Colleague: 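The structure under discussion is supplied below as structure tokens; questions concerning it will follow.
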Amino acid sequence: MMRTHTCGELRKSDVGKEVMLCGWVHKIRTHGALTFIDIKDRYGITQVTIQETPKTLSKESVIQITGTVKEKPEENKALETGAIELEGTNLKIISEAKPLPLDENATEETRLKYRYLDIRNSIMNNLLFRSKVTAFLKQHFMKEDFVDIETPLLMKSTPEGARDYVVPSRLHKGSFYALPQSPQLYKQILMVAGVDKYVQFAKCLRDEDLRADRQPEHTQIDFEMSFVTQKDVQTFVERTMKQLFKELLDKDLEDFEVFSYEESMKRFGTDKPDIRFGLELQDVTELVKDLDFKVFSKAQMVNCIYVGEDFSRKNIDEYTSFVKTHHAKGLAFVKVESQTFQSGVAKFIPQETAKKILEQLQVQGDGTIFFVADTKKISQSALGHLRNKLAKDLDIIDTNEFKFCWVNDFPLFEYDEELNQWKPEHHMFSMPKEEFVDTFEKEPQQVKGDLWDLVLNGWEMGSGSIRISDPHLQERIMNFVGFDKEQAKEQFGFLLEAYNYGGPVHGGMGIGLDRLVALILGFEDIRQVIAFPKNKSAQSPLDNSPSPINEEQKKELGLR
Ligand code: ASP
């Protein structure tokens with residue numbers, strides 16, 4: 001036996017016991033003949049006093065200490081073990097640590113290279129919490145009769161909107177496996193197999209240009225259910241999240257609000273609305289369409305936001321540059337003073353129009369109104385981004401709040417200008433709403449899907465849909481998004497064929513586990529909850545991957 005207790009375990013009731021602890025030197029300080037050591041492990045910290053210490057004992061070294069538990073004259077309330085201290089009689093150095101290569105100036109590269117040190121000293125609690133979330137969810141899914149099934153990592157490429165990572169086959173030179181962007185096709189086939197309820201905590205790999213909040217691999221709570229409607233899937237997820245928050249955080253979540261995609265875009269300027277605060281967008285296109293002010297009257301759409309604040313010229317310039325980074329041509333504003341418009345574009349807006357705008361916005365006090373006049377898409381989205389920024393700047397978000405919502409009825413297709421081609425908004429396995437099934441090819445921009453997102457505090461947590469289980473409809477959709485008959489057969493023949501042998505109606509979701517855990521812990525960066533994340537260029541400074549392979553390996557794989 002190397003230890004009798006962990007470093008977080010000893011309490012007053014242990015006073016008098018002979019114990020043995022193992023851990024890392026957290027702090028060390030000498031006071032006359034006495035040395036004070038804080039010894040740590042993932043369970044906590046215990047304070048130790050010892051008469052003789054080896055001269056070389058450095059911080060972060062691993063030690064084993066034997067001694068007697070004593071009551072502390074004055075309790076250290078900051079530590080769970082704070083009522084006691086260990087009077088050490090014997091100290092053994094198990095492994096000596098060099099000075100750590102990390103300080104507050106360390107670059108991200110260095111931090112990731114020595115990730116294990118950050119795990120030891122700061123990331124640990126995040127990983128412990130993540131493990132609790134996973135354990136709770138796995139148990140919950142079992143209670144709800146789901147079957148946990150692993151699907152292959154080496155598979156055929158599944159286009160889900162991102163580039164695949166590919167793996168060359170040694171036995172079949174010139175052929176490649178793809179790593180899954182998600183287990184989408186397998187889970188669909190499992191429904192044909194009769195599994196009824198499937199779940200997997202699945203690694204999903206996507207070779208994308210990384211944005212700050214993305215990782216080439218992420219984990220999804222991936223599940224699928226047979227004989228369900230959208231409502232059934234959403235009810236299940238809502239119940240799951242409510243229980244998770246109750247169990248782990250003792251928080252009672254409110255019922256999830258539900259928006260259609262259209263409504264979400266209209267009110268919040270985004271399909272991932274943060275509903276912890278107001279500042280909703282107002283569409284005033286109709287009120288300004290006849291003004292002698294071309295910026296407004298010629299625009300496809302004019303949206304605005306009222307804020308009960310007076311902003312400096314400098315603030316307004318900053319917000320103007322901000323909306324421009326979101327493709328708006330500009331930002332117009334007026335100041336509201338005693339129910340009239342002043343400065344900014346006030347001179348172009350007659351008093352009676354101003355009155356109508358104030359009425360629509362239900363403005364009582366003074367403040368500022370920001371307008372973006374542009375195409376519908378830009379007016380909504382630029383102002384949506386500004387809405388989030390204003391809320392942050394004005395500090396009106398309650399960061400202890402968790403507000404989930406559903407965004408339903410997503411468009412099924414989006415137009416890819418570069419490819420000149422309609423593409424699936426999400427993936428091509430989602431059902432069009434019934435009324436569009438016969439005619440989707442004719443008016444693709446109108447088509448809504450049985451396709452939805454789960455959103456938490458302004459972040460997309462996951463997407464789901466009812467799937468196409470009719471092979472003929474699936475083929476039509478494939479053709480429409482650019483796979484001709486041959487290609488569809490070549491790429492997805494196995495899926496299409498499966499539905500010829502009895503395919504149930506089914507639907508499901510993939511919910512981002514990393515994002516969920518990060519948001520609960522208050523992080524915007526999912527790397528805080530991933531043990532070994534990649535850097536922003538998709539590299540791992542820890543093991544230096546990706547790295548070249550040797551000539552021998554290349555030859556075996558038939559690569560040049
Ligand atoms: N496979 C989808 C995704 O990765 C999720 C789903 O539709 O179930 O986003």
Side-chain angles (χ1 to χ4, degrees), residues 137 141 146-153 155-165 178-192 195-208 211 213-226 228-230 232-234 236-237 240-241 261 271-272 406-414 423-433 448-456 459-469 474 477-478 481 491-492 495 503-516 526:
L137 288 171
F141 273 94
F146 282 76
V147 192
D148 186 343
I149 297 183
E150 291 179 60
T151 53
L153 272 184
M155 60 183 282
K156 196 174 172 76
S157 161
T158 324
E160 278 205 46
R163 219 172 281 117
D164 282 326
Y165 280 103
L179 299 177
Q181 292 186 34
S182 90
Q184 187 64 35
L185 296 188
Y186 288 109
K187 69 175 171 179
Q188 294 195 200
I189 288 175
L190 285 170
M191 293 300 107
V192 178
V195 167
D196 195 60
K197 289 179 174 180
Y198 141 95
V199 66
Q200 179 177 201
F201 285 64
K203 273 281 170 107
C204 300
L205 299 112
R206 299 175 187 181
D207 188 0
E208 295 175 298
R211 300 202 301 260
D213 60 332
R214 287 281 171 95
Q215 282 284 306
E217 40 185 314
H218 71 279
T219 306
Q220 269 186 13
I221 309 160
D222 189 53
F223 69 93
E224 195 74 9
M225 305 159 83
S226 284
V228 288
T229 60
Q230 163 170 338
D232 296 325
V233 178
Q234 294 186 341
F236 164 69
V237 171
T240 304
M241 290 300 154
Y261 172 86
D271 57 9
K272 25 183 184 290
W406 294 109
V407 179
N408 292 341
D409 308 338
F410 265 76
L412 198 61
F413 305 110
E414 65 184 347
K423 288 275 157 205
E425 159 81 28
H426 183 37
H427 55 53
M428 61 176 124
F429 313 107
S430 302
M431 261 312 266
K433 293 233 166 254
K448 304 273 185 267
D450 250 338
L451 172 62
W452 64 86
D453 273 1
L454 175 65
V455 176
L456 169 59
W459 292 86
E460 179 192 325
M461 297 300 311
S463 298
S465 61
I466 298 300
R467 324 299 184 183
I468 300 170
S469 44
Q474 184 65 78
I477 298 260
M478 285 172 178
V481 298
Q491 284 258 352
F492 303 107
L495 176 79
V505 168
H506 61 97
M509 295 192 68
I511 297 178
L513 179 68
D514 313 280
R515 176 69 60 207
L516 177 66
I526 58 173

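All heavy atoms count here, side chains included; hydrogens, waters and symmetry mates do not. First listed ligand is number 1; within each ligand, the first listed atom is number 1. This is a predicted model, so every value here is computed, not measured.
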Colleague: Side chain, backbone, both or neither: which part of R467 comes within less than 4.0 Å of ligand 1 when only heavy atoms are counted?
Modeller: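 Side chain only.
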Colleague: If we only consider heavy atoms of S463, is any one of them less than 4.0 Å away from an atom in ligand 1?
Modeller: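 Yes, S463 has heavy atoms under 4.0 Å from ligand 1.
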Colleague: Which ligand 1 atoms, with their elements, are less than 4.0 angstrom from a heavy-atom of G510?
Modeller: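 Going through ligand 1 atom by atom, the ones under 4.0 Å from G510 are 5 (C), 6 (C), 8 (O).
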Colleague: Check whether any N or O atom of S182, backbone or side chain, sits under 3.5 Å from an N or O atom of ligand 1, and answer yes or no.
Modeller: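 Between S182 and ligand 1 (N or O atoms, distance only) the closest approach is under 3.5 Å.
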Colleague: Please collect all salt bridge (Lys or Arg N to Asp or Glu O under 4.0 Å) contacts where either partner lies in residues 504-514, sequence neighbours excluded, each pair once.
Modeller: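 Qualifying pairs: R130-D514.
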Colleague: Heavy atoms only: which of E460, Q184, Q181 lies closest to atom 2 (C) of ligand 1?
Modeller: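 Of the listed residues, Q184 has the closest heavy atom.
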Colleague: Using a heavy-atom cut-off of under 4.0 Å, does the side chain or the backbone of R206 touch ligand 1, or both, or neither?
Modeller: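 Side chain only.
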Colleague: Does E224 use its side chain to pair, donor to acceptor, with the backbone of M191 at less than 3.5 Å?
Modeller: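 The answer is no, because no donor-acceptor pair under 3.5 Å joins these two groups.
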Colleague: Could you tell me, atom by atom, which parts of ligand 1 come under 4.0 Å of a heavy atom of Q220?
Modeller: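 Going through ligand 1 atom by atom, the ones under 4.0 Å from Q220 are 3 (C), 4 (O), 9 (O).
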Colleague: Between D409 and K433 (salt bridge meaning N to carboxylate O under 4.0 Å), is one present in this structure?
Modeller: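 Salt bridge between D409 and K433, a charged N being under 4.0 Å from a carboxylate O: yes.
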Colleague: Which part of E224 is near ligand 1, with near meaning a heavy atom under 4.0 Å away: side chain, backbone, both or neither?
Modeller: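 The answer is neither.
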Colleague: Quick check on contacts: which atoms of ligand 1 are under 4.0 angstrom from a heavy atom of M509?
Modeller: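 Taking each heavy atom of M509 in turn, ligand 1 has 6 (C), 8 (O) under 4.0 Å.
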Colleague: Examine distances only and state if a side-chain atom of Q200 and a backbone atom of Q220 form a donor-acceptor pair shorter than 3.5 Å.
Modeller: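 No, Q200 side chain to Q220 backbone: no donor-acceptor pair under 3.5 Å.
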